[in-house]
Amino acid sequence: MCRHLAYLGPPRTLHELLYAAPHSLHVQSWAPRAQCHGTVNADGFGVGWYPGSAAPEQVEETEPGREGPPEPLRYRRAMPMWGDASFADAAHAITSGCVVAAVRDATIGFGSEESGAQPFRADTLLFSHNGAVKDDSALVDAFAAPPPEGVLDARAPVDSAPLFAHTVRTWRGSGDLPGALAAVVRQARERSEGRYNLLASDGRSLAATAAGDTLYTLDEPGGGVFVASEPFDDTTGWREVPEGSLVVATRDGTRIHPIG
């Protein structure tokens, strides 16, 4: 129902990451090539990024007096990405080594207000859900209450919100982002059919699940890695992630495991 993308590596401008490629996320907002559910992503968009001159996973090495990555900044709108020319201009001036972005095709029955645009945010976490839940009320009953402390996005009126709430709780309790995403997918599937492609970053790494929709990875020679719903160009380095898999990307490389 959406397209999302994450990047980890040497700092780049948001314009380079989201607009410059021939089939960028910007283009995917009106002309996705691999989207199986829906045809256009015009119900909003969002971008989250970690500020600073260094890639977030390098902060401890480059800035010894600072503990961990900063909390991410975010821009969201309840309009098509192609309609926001001002952000396209501003994206030339914003640089980051870790970014999560999404364009939205709203699940039937849910509105297109800004609060539903992802990525969602909590502490140093950015989170996106590409998919749809068949029985949203079952996930609300299981995961929504009580909402995680200080996390307004967990109250958003969308089917992704209970998944985000449970991810935040699990991640805060364990500190294991890939493990949290895998656990949320397994537990959600026990309660409702659905497509549960989750994508998240804690500012040091990326984690994603292929659970009902397409997912690809690209490891670049210069050390950058992309995780995306579909390739943004036709280079040969893209790898399709098998269904039922968990992707973990760090500065040491990309690994793929079964969700379990």
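Worth knowing before you read on, the calculation uses all heavy atoms, side chains too, and leaves out hydrogens, waters and symmetry mates.
Side-chain contact, D135 with S137: a donor N or O sits under 3.5 Å from an acceptor N or O. Looking only at atom types and distance, the side chain of E230 has a donor-acceptor partner in the side chain of H23 under 3.5 Å away. Counted by atom type alone, S229 and Q35 present zero donor-acceptor pairs between their side chains at under 3.5 Å. With hydrogens and angles left out, the side-chain atoms of R3 and T214 include a donor and acceptor closer than 3.5 Å.
With a 4.5 Å cut-off on side-chain heavy atoms, P162 and D136 count as touching. Within the 4.5 Å cutoff, the side chain of V248 has no heavy atoms near those of the L206 side chain. The closest side-chain heavy-atom distance from V99 to F226 is not below 4.5 Å. Put simply, the side chain of V247 does not reach to within 4.5 Å of the side chain of T209, judged on heavy atoms. When side chains are defined from C-beta on, L8 counts as touching C98, because their heavy atoms get closer than 4.5 Å. The shortest distance between side-chain heavy atoms of V158 and R104 falls below 4.5 Å. Between P157 and E113, some side-chain heavy-atom pair lies under the 4.5 Å cut-off. V133 has its side chain out of reach of E193: every pair of non-hydrogen atoms, C-beta onward, lies at least 4.5 Å apart.
In this structure, D141 does not pair ionically with R191, as no charged nitrogen and carboxylate oxygen lie closer than 4.0 Å. The residues R172 and D123 are annotated as salt-bridged, a charged nitrogen and a carboxylate oxygen being separated by less than 4.0 angstrom. One finds a salt bridge joining R77 and D84 here, because a Lys/Arg side-chain nitrogen approaches an Asp/Glu carboxylate oxygen to under 4.0 Å. Taking 4.0 Å as the cut-off between side-chain N and carboxylate O, E114 and R74 do not count as a salt-bridged pair.
Not one N or O on the side chain of R12 forms a donor-acceptor pair closer than 3.5 Å with the backbone of L17. A donor-acceptor pair under 3.5 Å is absent between the side-chain atoms of T170 and the main chain of A180, judged by distance alone. With hydrogens and angles ignored, the 3.5 Å screen pairs no side-chain donor or acceptor of N197 with any backbone N or O of G131. Of the possible donor and acceptor atoms, one in the side chain of S245 sits under 3.5 Å from a partner among the backbone N and O of P242. Of the possible polar contacts, none joining the S24 side chain to the A20 backbone as a donor-acceptor pair under 3.5 Å is found. At distances below 3.5 Å, at least one donor-acceptor pair connects side-chain atoms of H129 with backbone N or O atoms of R195. Looking at D43, its side chain never comes within 3.5 Å of a backbone N or O of A78 through a donor-acceptor pair. Of the possible donor and acceptor atoms, one in the side chain of Y50 sits under 3.5 Å from a partner among the backbone N and O of S201.
The two residues P178 and A207 have their closest heavy-atom pair at CA-CB, 3.9 Å. Summarising the geometry of P70 relative to T124, their closest heavy-atom pair is O-CG2, 4.1 Å, with the distance given to 0.1 Å. P119 and V100 make their closest contact through CG-O, 3.6 Å (heavy atoms, listed as atom of the first residue, atom of the second, distance). A pairwise comparison of heavy atoms in A165 and P148 identifies O-CG, 3.5 Å as the closest pair. Residues Y7 and S96 come closest through the heavy atom pair CE2-O, 4.3 Å. Scanning both residues, H4 and A102, for their nearest heavy atoms gives CB-CB, 3.8 Å.
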Item to check | Candidate pair V225 and R251, rule side-chain contact (heavy atoms from CB on, under 4.5 Å), full reasoning | outcome: CA-CA 8 Å; V225 59; R251 59 178 166 170; over 6 Å; no
Next on the checklist: Using side-chain contact (heavy atoms from CB on, under 4.5 Å), reason through Y196 and R189 one step at a time and then give a plain yes or no.
Outcome noted: CA-CA 8 Å; Y196 298 107; R189 282 177 158 173; 3.8 Å; yes
Item to check | Check against salt bridge (charged side-chain N to carboxylate O under 4.0 Å, His left out), D234 and R33 | outcome: CA-CA 12 Å; D234 294 324; R33 296 190 293 183; 3.3 Å; yes
Item to check | Test log, rule side-chain contact (heavy atoms from CB on, under 4.5 Å), inputs D213 and E243 | outcome: CA-CA 8 Å; D213 213 318; E243 170 68 16; over 6 Å; no
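The line from CZ of F87 to CE of M79 is 12.0 Å long, rounded to the nearest 0.5 Å. Summarising the geometry, atom CG belonging to L215 is positioned 8.5 Å from atom CG belonging to N130; distances are rounded to the nearest 0.5 Å. Between the CG atom in D105 and the OG1 atom in T39 there is a gap of 7.0 Å [rounded to 0.5 Å]. Rounded to the nearest 0.5 angstrom, L198 CG and L181 CG are separated by 5.5 Å. Separating the CG atom in L126 from the CG atom in D202 is a distance of 9.5 Å, to the nearest 0.5 Å. Taken from CG in L163 to CG in L139, the straight-line distance is 5.5 Å, to the nearest 0.5 Å.
Under the ring-ring contact (aromatic ring centres under 6.0 Å, His included) criterion, F143 pairs with H166, not counting sequence neighbours.
Taking the six-membered ring for Trp and the full ring otherwise, Y75 and W49 have centroids separated by 6.0 Å or more.
By the criterion of side-chain heavy atoms lying less than 4.5 angstrom apart, applied directly or through intervening Ile, Leu, Val, Met, Phe, Trp or Tyr residues, V140 is not grouped with F120; the two fall into different hydrophobic clusters. Taken together through direct or relayed side-chain contacts under 4.5 Å among Ile, Leu, Val, Met, Phe, Trp and Tyr, L152 and V168 form parts of separate hydrophobic clusters. Taking hydrophobic clusters as Ile, Leu, Val, Met, Phe, Trp and Tyr residues chained together by side-chain heavy-atom distances below 4.5 Å, W171 shares a cluster with I259.
Note on ring orientation: taking the six-membered ring where Trp is involved, the planes of Y19 and H15 are parallel (angle under 30°, cut-offs 30° and 60°). Aromatic ring pairs are classed by plane angle as parallel below 30°, tilted from 30° to 60° and perpendicular above 60°; the pair F164 and F127 is tilted.
More than 12 heavy atoms of other residues, nucleotides or ligands lie within 6.0 Å of CD in E220, so this atom counts as buried by the packing criterion. Annotation for R155: atom CZ does not count as buried by contact number, only 12 or fewer foreign heavy atoms lying within 6.0 Å.
Sorted pairs that involve residues 176-186 and meet salt bridge (Lys or Arg N to Asp or Glu O under 4.0 Å), not counting sequence neighbours, are lacking altogether.
F232 pairs in a side chain to side chain contact (heavy atoms under 4.5 Å, CB included) with only one of the listed residues (L18, L5, L25), which is L5.
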